[in-house]
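Computed from a predicted model, the values in this text were never measured in an experiment.
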Amino acid sequence: MDLLSALSLGELALSFSRVPLFPVFDLSYFIVSILYLKYEPGAVELSRRHPVASWLCAMLHCFGSYILADLLLGEPLIDYFSNNSSVLLASAIWYLIFFCPLDLFYKCVCFLPVKLIFVAMKEVVRVRKIAVGIHHAHHHYHHGWFVMIATGWVKGSGVTLMSNVEQLLRGVWKPETNEILHMSFPTKASLYGAVLFTLQQTRWLPISKASLIFIFTMFMVSCKVFLTATHSHGSPFDVLEGYMCPMLFGEGCGDDHHDNHGSQGTSHGDSQGALHSPLPSKSKEELSEGSRKKKSKKVD
């Protein structure tokens with residue numbers, strides 16, 4: 001029995017699943033994605049010296065999940081770039097964040113209450129992309145569970161999984177920071193969400209897609225807003241993984257659990273130290289407020 005229907009919330013979930021993403025939610029997704037690009041070491045200097053490379057990095061941050069999903073399903077990698085409205089909107093956001101006079105746009109979207117709104121709206125897009133990716137893969141591979149899970153996973157966390165490719169465009173090579181070795185919260189959540197949506201798509205999970213979208217979106221929004229507001233580097237999965245990993249994979253599992261490719265959010269000189277530090281490193285999506293202010297001063 002559908003729990004949400006029993007609580008008379010089925011109509012709310014259905015209406016929520018039909019809310020169009022373009023342009024408001026996509027706008028928020030682009031703002032947060034390109035904002036995190038600006039936090040990367042050397043990103044501002046790259047935009048001044050090599051604006052084309054900077055723009056390409058921004059497009060990877062915005063559309064990397066679509067590129068990876070098309071690669072998995074054997075479709076044209078540049079297919080999504082035929083969506084002129086989205087590409088132009090993302091390009092406008094890139095220009096405003098990097099080149100707006102006095103950094104006014106950057107300072108406005110970095111203001112924490114405003115940023116929390118954008119972060120919440122980005123998670124709405126992330127969950128919808130996972131659901132759409134699995135539905136798309138199901139049409140190609142009706143019984144390919146692993147294909148559906150992989151497609152939904154890359155749809156939800158494509159940019160982080162492509163982080164090494166994006167680094168190469170910026171002239172940086174840090175293979176030790178790849179997302180598979182040091183998964184951040186959004187990457188893990190996207191993987192778990194892909195499993196849930198695959199079970200729902202194959203009718204092993206007795207819940208409607210609209211209800212699952214609503215429940216998982218509320219979970220993602222709550223967690224990500226809390227982590228961003230408190231500048232926390234942890235994950236809601238840490239406690240469960242702390243119990244399960246030693247039982248299933250031995251004591252060595254999760255020793256570098258909190259690294260989260262943290263050197264991407266630090267300067268080049270500190271990158272090696274961050275990798276070997278016993279303290280949790282900062283992920284690209286969870287920089288502290290102090291670090292953001294320091295970087296904005298460099299821009300000024």
Side-chain angles (χ1 to χ4, degrees), residues 13 15-40 43 54-55 57-67 69 80-81 83-100 103-133 152 154-160 162-163 166 184-187 189-190 193 213-232 265 283-287 289 292 296:
S15 300
F16 179 79
S17 67
R18 292 176 176 174
V19 173
L21 298 180
F22 188 86
V24 178
F25 286 90
D26 281 343
L27 175 69
S28 301
Y29 186 91
F30 297 153
I31 287 175
V32 177
S33 297
I34 299 176
L35 196 60
Y36 293 141
L37 170 62
K38 189 166 184 175
Y39 293 157
E40 293 290 352
S54 177
W55 178 81
C57 290
M59 295 305 101
L60 278 183
H61 273 258
C62 294
F63 307 119
S65 57
Y66 299 99
I67 295 173
Y80 191 81
F81 286 88
N83 190 337
N84 296 327
S85 299
S86 294
V87 175
L88 289 174
L89 181 60
S91 300
I93 297 300
W94 164 76
Y95 187 85
L96 288 173
I97 287 180
F98 280 94
F99 300 103
C100 181
D103 262 350
L104 290 178
F105 186 81
Y106 170 76
K107 292 173 182 176
C108 289
V109 297
C110 272
F111 183 52
L112 187 58
V114 176
K115 183 180 178 181
L116 292 180
I117 296 174
F118 290 143
V119 166
M121 296 176 76
K122 179 180 179 179
E123 296 310 310
V124 174
V125 178
R126 189 195 304 276
V127 175
R128 195 78 65 86
K129 285 166 63 178
I130 295 173
V132 170
V154 300
K155 276 278 192 176
S157 58
V159 62
T160 53
M162 292 184 68
S163 59
E166 185 268 334
S184 59
F185 164 71
T187 303
S190 296
I213 288 175
F214 181 80
I215 293 173
F216 198 68
T217 300
M218 293 301 104
F219 167 75
M220 290 296 294
V221 168
S222 302
C223 291
K224 200 66 179 72
V225 168
F226 175 78
L227 293 174
T228 304
T230 58
H231 311 299
S232 173
S283 73
K284 176 168 54 181
E285 297 196 10
E286 296 167 353
L287 288 172
E289 185 69 24
R292 290 200 300 272
S296 65

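- Two residues are said to be in side-chain contact when any heavy atoms from C-beta on lie closer than 4.5 Å; F216 and M220 meet this criterion.
- You'll find the side chain of V159 stays beyond 4.5 Å of the side chain of E166, heavy atoms only.
- In this structure, the separation between SG on C62 and CZ on F81 is 9.0 Å, given to the nearest 0.5 Å.
- L89 is linked by a side chain to side chain contact (heavy atoms under 4.5 Å, CB included) to F22, L27, F30, counting only residues two or more places apart in sequence or in another chain.
- The minimum heavy-atom distance between F16 and R128, with the atom names listed, is O-NH2, 3.3 Å.
- With rounding to the nearest 0.5 Å, the separation of CD in E40 from OG in S163 is 8.5 Å.
- Rounded to the nearest 0.5 angstrom, D26 CG and L21 CG are separated by 5.5 Å.
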Residue pair S65, Y80: steps toward the side chain to side chain contact (heavy atoms under 4.5 Å, CB included) verdict: CA-CA 10 Å; S65 57; Y80 191 81; over 6 Å; no
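- To the nearest 0.5 Å, atoms SG (C223) and CE (M218) are separated by 11.5 Å.
- Put simply, SG on C108 and CD1 on I97 are 11.5 Å apart, with the number rounded to the nearest 0.5 Å.
- The closest side-chain heavy-atom distance from Y106 to I34 is not below 4.5 Å.
- The nearest pair of heavy atoms linking Y66 to K155 is CD2-NZ, 3.2 Å.
- Of all heavy-atom pairs between G152 and I130, the closest is O-CG1, 3.6 Å.
- K115 and T228 share no side-chain donor-acceptor pair at under 3.5 Å.
- Looking only at side-chain heavy atoms (C-beta outward), I67 and L60 come within less than 4.5 Å of each other.
- Taking every heavy atom of both residues into account, C110 and L35 meet most closely at SG-CD1, 3.7 Å.
- At least one side-chain heavy atom of V87 sits less than 4.5 Å from a side-chain heavy atom of F63.
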From CA spacing to verdict: side chain to side chain contact (heavy atoms under 4.5 Å, CB included), M59, S91: CA-CA 8 Å; M59 295 305 101; S91 300; 3.9 Å; yes
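- Expressed to the nearest 0.5 Å, how far CG of L37 lies from CD1 of I93 amounts to 13.0 Å.
- Under the side chain to side chain donor-acceptor pair (under 3.5 Å) criterion, S33 pairs with no residue at all, not counting sequence neighbours.
- Closest approach of G156 and R126 over heavy atoms only: O-NH1, 2.7 Å.
- Judged purely by atom type and a 3.5 angstrom limit, K224 has no side-chain atom pairing as donor or acceptor with the backbone of E123.
- Minimum interatomic distance between V32 and V119 (heavy atoms only, all atoms of both residues): CG2-N, 3.9 Å.
- In this structure, the side chain of S86 does not engage the main chain of N83 through any donor-acceptor pair within 3.5 Å.
- Considering only residues two or more places apart in sequence or on other chains, F99 meets the ring pair (Phe, Tyr, Trp, His ring centres under 6.0 Å) condition with W94, Y95.
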